[in-house]
Number of protein chains: 2
Amino acid sequence: MAYRAHAEARLKEAGFRITTPRRRVIDLLAEAVGPVSAYEMRDQLEARGERIDIVSVYRIIGCLEQTGLVHRILSTGKVHRCVIEAHEPCGLPQPDHCHHSLICRTCGRIEEMHCPDIGSLLARAAATLGFALESHRLELGGLCKRCAA
Amino acid sequence: MAYRAHAEARLKEAGFRITTPRRRVIDLLAEAVGPVSAYEMRDQLEARGERIDIVSVYRIIGCLEQTGLVHRILSTGKVHRCVIEAHEPCGLPQPDHCHHSLICRTCGRIEEMHCPDIGSLLARAAATLGFALESHRLELGGLCKRCAA
DNA sequence: ATGCTGTTGAAAGTCTATTGCAATAAAGAG
DNA sequence: CTCTTTATTGCAATAGACTTTCAACAGCAT
């Protein structure tokens, strides 16, 4: 898996060790279809027989986030969910953390939306207030294609 | 206070009673300079000698939110904070809940930004994925005017 | 293979938010 | 103004997400 090699390289670079639990979480996130919460990660890993403590999941998320490998979003509720970093700059600063999430009200599924033009628009609006933009979080709620039908 | 009258009218309209705790929370929010969390509300009220239980604060927030009088945002951390409703539609759906927050990384202050053009842009981008937009949350991080100086 | 030190797992703790229930008080009826 | 109904409050207990502490363990540099 390409992502795993990439991730391990960056972890090493940052002085982190490559451990079994870390590899497991990385693989899980790489396979995941959408953002995953800490408890979901633990349950999914345990389901495939890979024992891991919830505390470790949290710590691993923390180190992956520090390294810039994953990004945390606050999707539907108040639970943080993780996605591996996308690499599609949107024109805003924080190019490594560009996620515009579409969160479906009924099925809870989260899609990532690419919206390149939004950057300059927001940067300009913020600038008029003297605010220096560094990061952004954009979360949209509604009905996904399948649920709307 | 104009806001208090407005709020009481809307509560009555919606069939809610006007109680002392509710009046206190409404006044507090009307005076607040930025978004306030439930526990902050309780502490600030108790500090001025107005005893209130945290459970009631949560329930009151809920009823004010239902009535469209306040809006909850997830600012810096994972704690919900409340602001009284602005009345500046931005072109997105959810016209009563239009908040684009600028959150300062150093001082934590939150400013609301008005950005009218963003609506059609996002609606179009979401539509290409077949997503029916209903609500949005936009939170921008960075340095405010004062901290950047 | 060995030792140093970063990491893990388990238990207990913190913090935000919610639920159930008895006591209280708002608002309309008389 | 008092009574009655019923929404609302406060308290205690609970839920859920995340963190801290610390002993045991396992990378990895040598």
Side-chain angles (χ1 to χ4, degrees), chain A residues 4-5 7-28 35-46 49-67 69-82 108, chain B residues 4-5 7-28 35-46 49-67 69-82 108:
Chain A
R4 179 164 164 181
E8 294 195 3
R10 287 191 69 164
L11 282 181
K12 255 199 178 127
E13 232 174 82
F16 288 108
R17 290 183 182 169
I18 311 304
T19 68
T20 308
R22 276 178 189 161
R23 243 191 305 252
R24 285 175 176 165
V25 169
I26 290 167
D27 286 352
L28 190 82
V36 197
S37 76
Y39 281 82
E40 284 167 357
M41 288 182 221
R42 187 205 47 187
D43 294 346
Q44 288 175 25
L45 287 177
E46 302 245 297
E50 307 185 328
R51 174 107 198 70
I52 192 169
D53 193 274
I54 186 67
V55 185
S56 299
V57 176
Y58 277 111
R59 278 186 293 222
I60 291 168
I61 291 171
C63 112
L64 294 177
E65 202 177 22
Q66 255 184 63
T67 323
L69 285 163
V70 310
H71 174 67
R72 286 211 275 181
I73 62 172
L74 275 165
S75 52
T76 339
K78 29 208 150 161
V79 190
H80 279 104
R81 280 164 198 282
C82 305
Chain B
R4 180 165 162 178
E8 294 195 3
R10 287 191 70 163
L11 282 181
K12 257 201 177 123
E13 231 173 83
F16 288 110
R17 289 184 183 169
I18 310 304
T19 69
T20 307
R22 276 177 188 162
R23 244 189 304 251
R24 285 175 176 165
V25 169
I26 290 167
D27 286 352
L28 190 82
V36 197
S37 77
Y39 279 83
E40 283 167 358
M41 288 182 219
R42 186 204 50 185
D43 294 346
Q44 288 175 24
L45 288 175
E46 302 244 298
E50 306 184 329
R51 174 109 197 70
I52 192 170
D53 192 273
I54 187 64
V55 184
S56 300
V57 175
Y58 276 109
R59 279 187 291 222
I60 290 168
I61 290 171
C63 113
L64 293 177
E65 202 178 22
Q66 256 184 64
T67 323
L69 285 163
V70 310
H71 174 67
R72 286 211 276 183
I73 62 171
L74 273 165
S75 51
T76 339
K78 29 207 151 164
V79 190
H80 278 107
R81 282 163 197 282
C82 304

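Convention: sequence-line order gives letters A, B, ...; per-chain numbering from 1. As a basis for the values below, the full set of heavy atoms in this structure was taken, side chains included, without hydrogen atoms, waters or symmetry mates.
- Contact annotation: B:R59 does not reach the phosphate of D:dT8 (side-chain N/O to OP1 or OP2, under 4.0 Å).
- Within the 4.5 Å cutoff, the side chain of B:L28 has no heavy atoms near those of the B:E50 side chain.
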I'd like to compare against my own output: the B/S/- annotation of nucleotides 24-30 of chain C with a strict under-4.0 Å heavy-atom distance to protein. -BBS---
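- Residues that satisfy the salt bridge (Lys or Arg N to Asp or Glu O under 4.0 Å) test with A:R42, not counting sequence neighbours, are absent from this structure.
- Counting to the nearest Å, the P atom of C:dT7 and the CD atom of A:E8 are 14 Å from each other.
- Between A:M41 atom CE and D:dC18 atom C1' the separation is 13 Å, expressed in whole Å.
- Each of D:dA17, C:dT8, C:dA17 was ranked by its minimum atom distance to the side chain of B:Y58; first place goes to C:dA17.
- Contact check for A:L11 versus A:I26: side-chain heavy atoms found under the 4.5 Å cut-off.
- To the nearest angstrom, C1' of C:dA17 lies 12 Å from CG of B:D53.
- In the helix from C:dA1-D:dT30 to C:dG30-D:dC1, the end axes, each obtained as the rotation axis mapping the C1' atoms of four pairs onto the next four within a five-pair block, lie 30° apart to the nearest 10 degrees.
- Residues forming a side chain to side chain donor-acceptor pair (under 3.5 Å) with B:E46 (at least two apart in sequence, or on another chain): B:R51.
- For A:A9, the side-chain contact (heavy atoms from CB on, under 4.5 Å) test picks out no residue, with sequence neighbours left out.
- Here the C1' atom of nucleotide C:dT7 and the CD1 atom of A:I52 are 11 Å apart, to the nearest Å.
- Exactly one residue among B:R59, B:R10, B:R72 makes a salt bridge (Lys or Arg N to Asp or Glu O under 4.0 Å) with B:E65. That residue is B:R72.
- Taking atom CZ of residue B:R42 and atom P of nucleotide C:dT16, one finds them 10 Å apart after rounding to whole Å.
- Residue B:R51 is in sugar-phosphate contact alone, with no base atom involved, counting any heavy-atom pair closer than 4.0 Å across all strands shown.
- With salt bridges taken as basic N to acidic carboxylate O contacts below 4.0 Å, one links A:E8 and A:R4.
- Residues A:M41 and A:I60 have side chains not in contact (no heavy-atom distance under 4.5 Å, counting atoms from C-beta outward).
- Of the listed nucleotides (D:dT9, C:dT16, C:dA11), D:dT9 has the atom at the smallest distance from the side chain of B:I60.
- Between the CD atom of B:E50 and the P atom of D:dT9 there is a distance of 14 Å, given to the nearest Å.
- Put simply, CZ on B:R72 is 14 Å from P on C:dT16, counting in whole angstrom units.
- Listed by chain and residue number, A:R17, A:P21, A:R22 satisfy the side-chain contact (heavy atoms from CB on, under 4.5 Å) test with A:T19 (two or more places apart in sequence, or in another chain).
- If you measure from atom CG of B:D43 to atom P of C:dT16, you get 10 Å, rounded to the nearest angstrom.
- In this structure, B:I54 reaches neither bases nor backbone, as no heavy-atom distance under 4.0 Å exists between it and the strands shown.
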